[in-house]
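Remarks on the structure that follows.
All values derive from a computational prediction rather than experimental measurement.
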Amino acid sequence: MAARRRTAEALRAAGTPPWNVDFTRDGTALEALRRLTAYEQADRAGEPPVVRVAGRILGLRSSGGLAFADLHDESGRLQLMADRGGAPAPFEWLTGLDLGDIVGAAGPLVRTRRGEPTLRVGEGVLLAKALRPPAEKFHGLRDREARYRRRHLDLLSTPGRRRPFVQRAAIIGALRAELDRRGFLEVETPILQPIPGGGRARPFATRHHAFDQDLFLRIALELHLKRLLVAGFGRVYELGRVFRNEGLSPRHAPEFTMLEAYQAHVGREGMVELTEALVGKAVAAADAVPGTAETERTVDLRPPFRRARMVDLVRDAVGIDVLAGWDAPEELAAAARSLGVGLPPDPTPALVLVACYEERVERTLEAPTFVLDHPVETSPLARRLPDDPRFTERFELVAGGRELVNAFAELNDPVDQRERFLEQARRREAGDLEAHPMDEDFLEALEHGMPPAGGMGLGVDRLVMLVTGAAAIRDVVLFPTLRQGEAGAGPDPAERAGGSPTL
RNA sequence: GCCGCCAUGGCGCAGUGGUAGCGCAGGGGCCUUUUAAGCCCAGGGUCGCAGGUUCGAAUCCUGCUGGCGGCACCA
């Protein structure tokens with residue numbers, strides 16, 4: 001690095017500023033290749049195309065009087081070449097570059113002896129000197145911590161690793177396009193909330209100084225979107241970050257992206273249809289990203305998806321028939337315990353069912369499956385089944401052993417809603433930190449009348465993981481949350497220690 | 001929060017109690033069609049941090065920090 005600083009200073013002294021230089025290109029590397037191909041297909045009529053490209057130098061090879069460099073831009077790679085005899089100034093320029101430098105280059109396109117499309121440099125301009133080298137050029141950054149903490153270095157050193165993030169953007173764009181096409185209104189609701197509701201999770205707490213009041217970061221989008229149904233919007237959705245103060249894992253991050261959509265006058269079936277459509281569009285959008293053919297997708301995400309009731313899944317997988325044993329909760333609990341299923345204290349039949357499902361069934365559901373009819377006790381915002389009030393008109397879409405979507409016919413009975421909040425509040429007082437808090441403001445909205453509606457929430461990061469074949473949520477989040485400790489406080493231990501870098 | 005594994009030059013890795021090595025990158029040199037170019041030369045590391053055991057510690061022990069994996073909880 002010291003040598004690079006000297007190089008930069010020498011350039012400045014020689015009247016060639018190493019930064020803040022402009023260069024107008026006439027296309028990307030990919031477009032340059034297309035122009036060369038077109039020229040060749042036209043039987044090389046006339047002069048070869050002259051192009052101006054700009055990008056980062058990630059490979060340098062020189063052999064005496066010939067020098068090559070690999071220029072990478074957002075579209076791909078183009079080789080640069082200069083020879084001492086033919087073009088002394090460009091040759092000196094090219095051999096004086098360092099890996100990582102960002103340059104502009106102009107000249108005719110040719111092919112080398114090996115057939116590599118190559119820009120023969122006529123004019124070369126240094127646009128930004130790299131004082132630090134990229135990571136190792138063959139293996140790139142392998143250390144996971146370094147890759148997450150210094151994502152810019154990871155991505156610049158290994159351009160192919162940008163692809164999942166391009167796919168992510170394509171997926172989010174497709175979700176938005178499909179919802180827009182269906183007439184949903186995209187809205188933005190508060191992230192800072194006095195009462196974090198709409199889900200079961202511990203929130204992050206923060207402090208508003210001017211209000212002298214505690215606020216929480218939202219854990220879900222649900223309650224505000226339902227207020228908008230009350231307000232008269234028939235179809236609304238929000239795509240946004242939510243925050244949950246819970247453990248991390250390859251599939252859990254403290255902040256993640258959620259899509260929630262609400263549609264008046266449709267029930268659960270409408271949400272099934274919408275879910276299948278959105279997943280289908282997401283898959284198509286991701287597959288349309290260039291270079292995606294070799295994506296490793298372990299789960300077939302083509303709709304339609306299987307449907308199964310939770311009670312049936314549990315009965316078939318675990319051998320416990322919760323419906324049959326509903327009136328004998330002690331026996332149900334004993335049966336579950338004898339199979340090694342962990343249960344909360346005083347388990348009701350519903351809690352036995354959910355425990356068996358979550359512990360024994362969910363992770364086994366690889367192929368996308370709509371899991372239907374969750375019990376009321378764990379579904380405080382969902383409408384009851386008309387023919388069985390113990391269960392709700394809810395589903396979760398599970399794929400790859402993980403919940404991807406949670407949806408239901410929304411409860412619009414303010415009396416029932418109040419009772420369920422009270423029940424949740426009792427659990428909260430009993431120490432359940434994730435029980436839903438009482439929310440009078442939301443109840444007041446419901447009391448004005450909310451149309452019957454279906455609602456769904458989709459974990460965008462998980463969808464992106466499934467669609468791109470990523471093993472960890474951190475592989476589809478650009479800058480994942482990491483602990484900030486002494487040892488990992490900054491990117492460069494040498495500089496943090498105050499010593500001079502030894503590069 | 002608990003359990004296990006990991007941490008060695010800028011990056012990728014080797015080194016299991018006896019003077020820290022290799023490749024890439026960086027520096028110097030050779031080479032006019034290279035593709036992780038090749039060849040020669042010379043550099044660069046308080047082995048994550050702090051203690052301990054030992055004549056002697058990268059190596060064994062303890063604690064701490066960070067990461068990864070699992071459990072618990074959730075999407």
Side-chain angles (χ1 to χ4, degrees), chain A residues 1-4 6-7 58-70 77 79-87 91 98-100 110-116 118 120 130-150 153-154 157-158 199-202 219-220 242-260 342 358-359 362 378 396-399 402-406 432-434 457-463 465 471-474 480 482-489 491-495 497 499 501-503:
Chain A
M1 190 155 130
R4 290 181 179 224
R6 282 197 301 275
T7 305
L58 290 180
L60 278 170
R61 300 171 291 281
S62 76
S63 53
L66 254 191
F68 300 90
D70 295 325
R77 187 186 77 100
Q79 180 169 266
L80 308 182
M81 177 177 77
D83 70 287
R84 177 177 280 155
F91 178 83
D98 287 311
L99 288 184
V110 299
R111 288 210 183 248
T112 62
R113 233 169 247 176
R114 299 258 176 109
E116 175 87 15
T118 298
R120 184 189 291 277
L131 291 181
R132 298 173 189 266
E136 209 260 358
K137 65 182 172 186
F138 186 60
H139 300 95
L141 260 194
R142 296 195 105 176
D143 180 71
R144 295 181 76 87
E145 181 178 2
R147 287 181 49 196
Y148 298 144
R149 276 194 205 282
R150 304 165 73 189
L153 177 60
D154 178 35
S157 298
T158 313
R200 276 179 64 86
R202 295 181 64 179
I219 59 171
V242 299
F243 307 83
R244 299 193 177 179
N245 206 342
E246 293 172 339
L248 281 65
S249 87
R251 288 161 204 81
H252 298 88
E255 56 176 296
F256 61 98
T257 300
M258 184 106 102
L259 166 67
E260 289 196 26
E358 288 182 349
E359 205 164 307
E362 187 177 61
T378 57
E396 289 182 344
L397 176 63
V398 178
R402 284 289 162 174
E403 182 183 345
L404 188 62
V405 173
N406 180 24
D432 183 351
L433 292 169
E434 292 172 357
L458 183 156
V460 172
D461 309 270
R462 289 221 178 137
L463 176 64
M465 285 174 66
I473 193 168
R474 286 174 173 166
L482 295 177
R483 197 185 296 265
Q484 193 77 37
E486 287 286 325
D492 191 329
E495 290 207 332
T502 51
L503 294 178

Write down the atom of A/Thr118, the atom of A/Leu80, and the distance for their closest heavy-atom approach. CG2-C, 4.0 Å

Taking the [atom1] atom in each of [N] and [M], what is the distance between them to the nearest angstrom?
N      : M      : atom1 : value
B/rG15 : B/rU8  : C1'   : 9 Å
B/rU35 : B/rC22 : P     : 25 Å
B/rC11 : B/rG45 : C1'   : 14 Å
B/rA58 : B/rG21 : P     : 13 Å
B/rG67 : B/rC24 : P     : 32 Å
B/rG1  : B/rG44 : P     : 43 Å
B/rU16 : B/rC6  : C1'   : 16 Å
B/rC71 : B/rG56 : C1'   : 42 Å

Distance check, rounded to the nearest 0.5 Å: [X] atom [atom1] versus [Y] atom [atom2]?
X        : Y        : atom1 : atom2 : result
A/Leu153 : A/Arg147 : CG    : CZ    : 11.0 Å
A/Thr7   : A/Asp98  : OG1   : CG    : 5.5 Å
A/Leu397 : A/Glu403 : CG    : CD    : 9.0 Å
A/Arg251 : A/Ile473 : CZ    : CD1   : 10.0 Å
A/Phe256 : A/Asp461 : CZ    : CG    : 7.5 Å
A/Arg149 : A/Glu145 : CZ    : CD    : 4.5 Å

Looking at [X] and [Y], would you say the former's side chain and the latter's main chain have a donor-acceptor pair under 3.5 Å?
X        : Y        : value
A/Arg4   : A/Ala130 : yes
A/Arg244 : A/Ile219 : yes
A/Glu359 : A/Gly342 : yes
A/Asp83  : A/Leu66  : no

Starting from [atom2] on [N], measure out to [atom1] on [X] and report it in whole angstrom.
X        : N      : atom1 : atom2 : result
A/Arg150 : B/rG67 : CZ    : P     : 15 Å
A/Leu60  : B/rU34 : CG    : C1'   : 12 Å
A/Arg144 : B/rC11 : CZ    : C1'   : 17 Å
A/Arg132 : B/rG26 : CZ    : C1'   : 14 Å
A/Leu141 : B/rC13 : CG    : C1'   : 14 Å
A/Ile473 : B/rG69 : CD1   : P     : 12 Å
A/Glu145 : B/rC11 : CD    : P     : 11 Å
A/Phe91  : B/rU33 : CZ    : P     : 12 Å

Quick one: is A/Arg114 getting a side-chain N or O under 4.0 Å of the B/rU35 phosphate, OP1 or OP2? yes

Respond yes when some side-chain nitrogen or oxygen of A/Arg61 is under 4.0 Å from OP1 or OP2 of B/rU35, and no when none is. no

A/Glu116 bridged to A/Arg77 by N-O distance under 4.0 Å: yes

For a quick check of understanding: with a heavy-atom distance under 4.0 Å over all strands, which category does [X] fall into, base, sugar-phosphate or nothing?
X        : answer
A/Glu116 : base
A/Gly64  : base
A/Asp143 : sugar-phosphate
A/Leu404 : sugar-phosphate
A/Pro250 : sugar-phosphate
A/Ile219 : nothing
A/Arg111 : nothing
A/Gly140 : sugar-phosphate
A/Ala253 : base

Which nucleotide in the list [options] gets nearest to the side chain of [X]?
X        : options                : value
A/Arg142 : B/rG26, B/rG69, B/rC13 : B/rC13
A/Glu136 : B/rG67, B/rG12, B/rU33 : B/rG12
A/Leu99  : B/rG69, B/rG26, B/rU32 : B/rG26
A/His139 : B/rC11, B/rU33, B/rG12 : B/rG12
A/Phe68  : B/rU32, B/rG26, B/rU33 : B/rU33
A/Thr118 : B/rG66, B/rU34, B/rG69 : B/rU34
A/Arg113 : B/rG67, B/rU33, B/rU34 : B/rU33
A/Pro133 : B/rG26, B/rA25, B/rC11 : B/rA25

For [N], which nucleotide is its Watson-Crick or G-U wobble mate, given both distances must be under 3.5 Å?
N      : result
B/rA7  : B/rU65
B/rC71 : B/rG1
B/rG43 : none
B/rU59 : none
B/rG38 : B/rC30

Below 3.5 Å between N/O atoms, which protein atoms pair up with nucleotides 71-73 of chain B? Just atom names and distances, please.
residue : atom : partner  : partner atom : Å
B/rC73  : O3'  : A/Glu434 : OE1          : 3.4
B/rC73  : O2'  : A/Glu434 : OE1          : 3.1
B/rC73  : O2'  : A/Glu434 : OE2          : 2.5

Starting at the 5' end of RNA chain B and moving along, which residue's nearest nucleotide shows up first, A/Val405 or A/Phe138? A/Phe138

Residue met sooner reading RNA chain B from 5', once A/Ser62 and A/Asp98 are mapped to nucleotides: A/Asp98

Got a donor-acceptor pair under 3.5 Å from the side chain of A/Thr112 to the base of B/rU34? yes

Suppose we call a contact any N or O donor and acceptor under 3.5 Å apart; does that hold for the side chain of A/Gln79 and the base of B/rU34? yes

